[in-house]
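Below: one structure, written as structure tokens.
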Amino acid sequence: MDINTIYEAVFDGNAKAAAAAVEAVLAAGETPETILNDACIPAMAEVGAEFEEGEKFVPEMLISARAMAAAMTILRPLLVQAGVKTVGKVVLGTVHGDLHDIGKNLVGMMLEGAGFEVIDLGTDVPPQKFVDAVKQHQPDIVGMSALLTTTTKSMPATLNALAEAGVRDQVKVIIGGAPITDDFAQKIGADGFAADAGSAARVANALMGLN
């Protein structure tokens, strides 16, 4: 087994094969960092790209994300032990009044797959909770999701709360969800807009200057 086996297992969404391949490749002496950077991250990037092109769909993304998670369960403690830095930290949540979480969860998985540390605040997150999380975790990015037109107003409210707390300038803010458009993102002063989970990692990387 080699790095390629891990790439294929993650890309194909075979969680059991991904975990087994990671164990085998580690036992053969490969470093966790190489496995992450040369197999897991490229596989998820390819999944995201195919999703954006309409060649993969949500269920396929989900099974790839689960395979990535299976690999990361083994790799994460080893990466921490080795002091390997993540590419950035993201605080993620579905905004106040909105209980939808599938889109947010997919975004979180894609960001993890791109090498970000993700702090997931869950659903129905009030503006103050975003503020508290920024103060506590000092993330690079805040990601907000809304699936209902009626809850999109929680996004500018959260941006205002971040500004009033004096932490707005410390983070980049990405927003997304079914009713969200690039125009809306610009109007409320967000830094980025992700049309779907596939593009979220690409937008986050761009905001971090990593593309």
Side-chain angles (χ1 to χ4, degrees), residues 1-51 56-94 100-123 125 133 136-143 145 174 176 194 196-205 208 210:
M1 285 197 191
D2 58 11
I3 288 280
N4 230 20
T5 316
I6 302 168
Y7 177 99
E8 281 162 19
V10 171
F11 182 78
D12 294 338
N14 189 331
K16 198 177 275 187
V22 168
E23 296 278 20
V25 173
L26 284 169
E30 195 53 86
T31 68
E33 191 173 5
T34 302
I35 294 171
L36 177 70
N37 292 329
D38 293 359
C40 298
I41 290 176
M44 287 307 286
E46 184 63 22
V47 169
E50 289 204 0
F51 179 78
K56 275 194 186 288
F57 302 96
V58 168
E60 294 162 295
M61 269 181 94
L62 273 169
I63 61 166
S64 285
R66 286 194 192 117
M68 171 78 187
M72 288 307 293
T73 301
I74 301 162
L75 292 174
R76 195 177 288 112
L78 300 172
L79 291 163
V80 170
Q81 209 177 318
V84 174
K85 289 254 183 286
T86 55
V87 296
K89 194 186 286 187
V90 183
V91 160
L92 196 60
T94 303
H100 291 87
D101 68 350
I102 291 175
K104 169 189 64 65
N105 293 349
L106 253 181
V107 167
M109 288 172 177
M110 293 305 288
L111 288 169
E112 276 214 317
F116 285 88
E117 179 187 345
V118 176
I119 294 114
D120 189 342
L121 303 180
T123 61
V125 182
Q136 182 187 342
H137 299 287
Q138 299 183 321
D140 303 286
I141 294 171
V142 170
S145 166
I174 303 177
D196 50 54
S199 61
R202 188 169 45 73
V203 174
N205 274 326
M208 295 287 292
L210 296 170

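Scope of the values below: all heavy atoms of this structure, side chains included, with no hydrogens, waters or symmetry mates. Being a predicted model, the structure only gives us computed values, none of them experimental.
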Do the side chains of Ile3 and Thr34 get nearer than 4.5 Å, heavy atoms only?
yes

I'd like to know if the side chain of Thr5 reaches the main chain of Met1, judged simply by a donor and an acceptor atom lying under 3.5 Å from each other, with no hydrogens or angles considered.
no

Full working for side-chain contact (heavy atoms from CB on, under 4.5 Å) between Met208 and Ile141
CA-CA 9 Å; Met208 295 287 292; Ile141 294 171; 4.0 Å; yes

Give me the atom names and distance for the closest heavy-atom approach of Lys56 to Phe51.
O-CD1, 3.4 Å

For the atom pair CG (Leu106) and OG (Ser145), what is the distance rounded to the nearest 0.5 Å?
10.5 Å

What is the minimum heavy-atom distance between Val107 and Ala200, and which atoms define it?
CG1-CB, 3.8 Å

Pro139 and Lys89 have their tightest heavy-atom pair at CB-O, 3.5 Å

Test of understanding: with side chain to side chain donor-acceptor pair (under 3.5 Å), list the residues that count as partners of Ser199, not counting sequence neighbours.
Asp196

At their closest point, which heavy atom of Lys104 faces which heavy atom of Asp120, and how far apart are they?
NZ-OD2, 2.8 Å

Which atom of Leu78 lies closest to which atom of Pro32, heavy atoms considered
CB-CG, 3.7 Å

Do Val125 and Thr94 pass the side-chain contact (heavy atoms from CB on, under 4.5 Å) test, and can you show the C-alpha distance, the side-chain angles, and the key distance before you say yes or no?
CA-CA 6 Å; Val125 182; Thr94 303; 5.7 Å; no

Residues in side chain to side chain donor-acceptor pair (under 3.5 Å) with Asp140, at least two apart?
none

Expected output: side-chain Ser64 to main-chain Phe11 donor-acceptor under 3.5 Å:
yes

Which atom names give the shortest non-hydrogen contact between Ala65 and Met109, and what distance separates them?
CB-SD, 3.2 Å

Roughly how far apart are Met61 CE and Met68 CE, rounded to 0.5 Å?
12.5 Å

Enumerate, atom names and distances included, each donor-acceptor pair closer than 3.5 Å involving a side-chain atom of residues 16-30, sequence neighbours excluded.
none

Please list all pairs passing the salt bridge (charged side-chain N to carboxylate O under 4.0 Å, His left out) test where one or both residues lie in residues 68-77, with sequence neighbours left out.
Arg76-Glu112

Rounded to the nearest 0.5 Å, how far apart are CE of Met110 and CZ of Phe116?
12.0 Å

Could I get the full list of side-chain contact (heavy atoms from CB on, under 4.5 Å) partners for Asp12, not counting sequence neighbours?
Glu8

Please tabulate, for side-chain N and O atoms in residues 35-47, each donor-acceptor pair with protein atoms closer than 3.5 Å (sequence neighbours left out).
from	atom 1	to	atom 2	distance (Å)
Asn37	ND2	Glu33	O	3.3

